[in-house]
Trainee: 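Handing you this structure, nothing more for now.
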Amino acid sequence: MDYSRRKFLAGLGATTMFATAGVAGTSVVQTLVIEGKRYAMIHDETLCIGCDACVDACRETNNVPAGVTRLEIIRSEPRGEFPDADYKFFRKSCQHCEDAPCVDVCPTGASFIDKKTGIVDVNADRCIGCMYCIAACPYKVRYIDPVTKAADKCNFCRDTNLAKGQLPACVQSCPQQALVFGDLNDPDSEIVKTLQQKTVYRYKKSLGTKPKMFRVPDLKGEIEL
Amino acid sequence: MRESLQHAFHFDSLVWHWPIAIYLFVLGISSGAMCLALLVKWKLPASQQAAKNPLIIAAAILVPSMIIFGLLILIFDLTKPLHFWKVIVYQFANPASVMGRGVTLFIAYQVATFAWIAWVFKEELHRLLQRFMPWVLKIPGIFRLWDFIGKVEKQLEFVIVILALLLGVYTGFLLSALTAYPLLNQPVLPLLFLASGLSSGIAATILLATTFFSAHANTPGMALSHRLEPPVICSELLLLVILIIGMKFGGEMDKVAIAAAISGGFWANLFWIGVIAIGIILPLLMNQIAPLRVKHRKAFILSSAILTLAGVMFLRMFILYAGQMTPA
Amino acid sequence: MRILRWLFFFILCLSGFVNSNDSPPEVNAQIPDIDFAKQVSNADQMEQLLKENKRCIRCHKVARKLKNIAAVKMLGAHASEKFVDNCSACHGNKGKHPKEDFTIISYADNTHTPLALQNSKCMTCHTSLQLRNAEWTHDVHYKKISCAACHQLHEAEDPMTNIKRKSRITLCVDCHIAINELRGDQ
């Protein structure tokens, strides 16, 4: 092997080494920066009455266009017979995963986790609309906003209510107080205390997304985890 | 029947549609054609000029044009097509993104393959530039660059092999990063896409070379191409078997997803008839059974290539659509 | 042999045709048939029924100032030529009303009539499936509040008919907040 070829191959090997170290390094760096809050939410399915007040409040507060929704309450089939039939309610909205697949796949970094709040949000300007994040989300809570044409979803009212120091619109609107919102890093917060007292489950937890939407199961009949 | 067709192409969990399947298809052709071109070139006797070989000419056309075509489709499939440039400018904002790494790969691949084509076809390119764009030849350093490419030709080809193989597996990784879909989130997918990309690249190159560049059974490289096809197609079949059996041995959603995909309905029919029968079994049978006299006829060569290409396109459509049918 | 093969394929196709016929979906009418058969079964009983109803209308066609009861006229979906002011269908027979010892079924806020009895009158005509298909909340409210709490039958249009989504949600919210406040006091 002559001198120039040897140099070329050595350069190739060095580049590969640096690239690998770089990629490994970025993943280490990302896990070490945990200074901010970790906002999470509990949906108490035993208290929820399926009134959809949260859905409408969200739409109004965040100007969600018609045809798409950030939040959906899914009603189960009736359990039992009239007049003793009852229903279970399931909240379908962004789980604000700590290991969010939508953030992992975004090619431009438009889908990101806000380090200060732990909220998964979208930079609509940066988004090119490739829909990789929409495909990647196992909870299927993302949509393309028909107005901005960018990907969008629940962001815990980060730019609306939270920015004004208020609780998210859904939490405020619930007549049953079935929604609890707070910072998991704060041991005195209502959410942490509630999590210590009530039995909770998280949806599709086995996928490894580390979702932060906790649910108090309606305990009649079999629990679907 | 019409109702099931409607359901096959429109269902709740469907996010990526047929333009993406076409993109996956043409990327495979580019990577396969590049690999074939290099193999043919390496095996050419010293007296033969690579630039005159119909297979290498066909591949030189397919390699860049298929990528450009695929990227154009992608750009028009965006919901904000005019903002496509952001994926190039911000490609390193998220190092973990497979799509971002794909952008980086495309740039490296296009640069490397353009350089290779410029070197292999330097005389033809020189003549064309002289005639149509003489100012290019006046760019300072252009001839030194040209000569440099020639000097590192072997190293460049080595790098191109790696890039072409990466391109072949990239489309598989793009889909397998989607943990939301059990059929897509399979480790065997990148290998499957590499194998089917290779087979489609070989078929497309043979098709183009035979149709437009007067390639025939005795063209140097043609015998090699035909010798490559059966093992590549067989490995494609083997990988499909591994995918199916692997998922049948998987967790709950793996079993549900593979059953939904191949046991009934439009996509199952497309899989068994389009992918397996038309795209794999038939070309293999034709290759084994037909006498040499028939195998060397143009009609046979062309139909075999077309069947293989159709099979790979069907495979891309099947994986994309059936893959999105069952969420995790 | 060839004939057998053709026969086999023919039967295969035939089975496909047979299985592809979809039966039309059942029409779930939410409006019950108007039928006096629920109350009367012969002409004599019908005559009795008409007499009973006349007794109600005689007094209630004008306002009753003593107990502050407005004049009553049947309007809305339950008014019809066929029903002919069929007060007794929902309110029962006059009996000793308005003397204290009465069996009249009242749907007012201050009623003495038990909840189960009130709601069972509606179930004479409305089936549980119709209720569920019209509005799922019927399933969970039947045993808890009277139908009259939401439905105003003596109005030209029952406010529940074609209720707008926003009003409906406001109704849920207001009532449930009130319930929670009451429970909080206990």
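Since the model is a prediction, treat every value here as computed from it, not as a measurement.
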Trainee: For atom CH2 of B:W42, decide whether the heavy atoms of other residues, nucleotides or ligands shown that lie under 6.0 angstrom number more than 12.
Mentor: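 Yes, because the 6.0 Å sphere around CH2 of B:W42 holds more than 12 heavy atoms from other groups.
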Trainee: Answer with side chain, backbone, both or neither: which region of A:K149 has an atom nearer than 4.5 Å to a non-hydrogen atom of chain B?
Mentor: both
Trainee: Donor-acceptor pair, A:K204 side chain versus B:A180 backbone, under 3.5 Å?
Mentor: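 No; judged by distance alone, with no hydrogens or angles, the pair does not exist.
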Trainee: Top residue by heavy-atom pair count (under 4.5 Å) with chain B, among A:P138, A:C106, A:G109?
Mentor: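 So the answer, after comparing A:P138, A:C106, A:G109, is A:C106.
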Trainee: Would you find a donor on one side and an acceptor on the other, under 3.5 Å apart, between the side chain of A:D104 and the backbone of B:A96?
Mentor: no
Trainee: For the OG1 atom of A:T108 and the CH2 atom of B:W85, what is their distance to the nearest 0.5 Å?
Mentor: 10.5 Å
Trainee: Please flag which part of A:S206 lies under 4.5 Å from any non-hydrogen atom of chain B: side chain, backbone, both or neither.
Mentor: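 Neither part.
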Trainee: Roughly how far, to the nearest 0.5 Å, is the OH atom of B:Y90 from the CG atom of A:N123?
Mentor: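 With rounding to 0.5 Å, CG (A:N123) is 8.5 Å from OH (B:Y90).
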Trainee: As an exercise, state the distance from CZ of A:R126 to CG of B:N94, rounded to the nearest 0.5 Å.
Mentor: 10.5 Å
Trainee: Flag yes if more than 12 heavy atoms outside A:E60 fall under 6.0 Å of its CD atom; otherwise flag no.
Mentor: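 Atom CD in A:E60 is not crowded, with 12 or fewer foreign heavy atoms closer than 6.0 Å.
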Trainee: Between B:K80 (side chain only) and A:C127 (backbone N and O only), is there a donor and an acceptor less than 3.5 Å apart?
Mentor: yes
Trainee: At a heavy-atom separation under 4.5 Å, does A:I134 approach chain B through its side chain, its backbone, both, or neither?
Mentor: both
Trainee: Quick check for you: to the nearest 0.5 Å, what is the distance between A:I128 atom CD1 and B:I88 atom CD1?
Mentor: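 Separation between the atoms: 9.0 Å.
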Trainee: Answer yes or no: is there a donor N or O on one side and an acceptor on the other, between the side chain of B:K86 and the main chain of A:D125, under 3.5 Å?
Mentor: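 Yes; at least one donor-acceptor contact below 3.5 Å.
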Trainee: Could you tell me which portion of B:L184 (side chain, backbone, both or neither) has an atom closer than 4.5 angstrom to a non-hydrogen atom of chain A?
Mentor: neither
Trainee: Between B:F92 and chain A, which part of the residue has a heavy atom less than 4.5 Å away: side chain, backbone, both or neither?
Mentor: neither
Trainee: A quick test of your reading: do over 12 heavy atoms of other residues, nucleotides or ligands sit less than 6.0 Å from NZ of B:K43?
Mentor: no
Trainee: By a 4.5 Å heavy-atom criterion (distance strictly below it), what part of A:C130 contacts chain B: side chain, backbone, both, or neither?
Mentor: both
Trainee: Are there more than 12 heavy atoms of other residues, nucleotides or ligands under 6.0 Å from atom OH of A:Y87?
Mentor: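 Counting other residues, nucleotides and ligands, OH of A:Y87 exceeds 12 neighbours.
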Trainee: How about CZ on B:F143, more than 12 heavy atoms from neighbouring residues, nucleotides or ligands closer than 6.0 Å, or not?
Mentor: yes
Trainee: Which pair of heavy atoms, one from A:P107 and one from B:V87, lies closest together, and at what distance?
Mentor: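 Residues A:P107 and B:V87, closest heavy atoms: CB-CG2, 3.6 Å.
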Trainee: For residues B:L178 and A:Y132, determine if any side-chain heavy atom of one lies less than 4.5 Å from a side-chain heavy atom of the other.
Mentor: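 Sidechains of A:Y132 and B:L178: in contact.
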Trainee: Could you give the distance from OG1 (B:T179) to CG (A:L207), rounded to the nearest 0.5 Å?
Mentor: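 The OG1 atom of B:T179 sits 6.0 Å away from the CG atom of A:L207.
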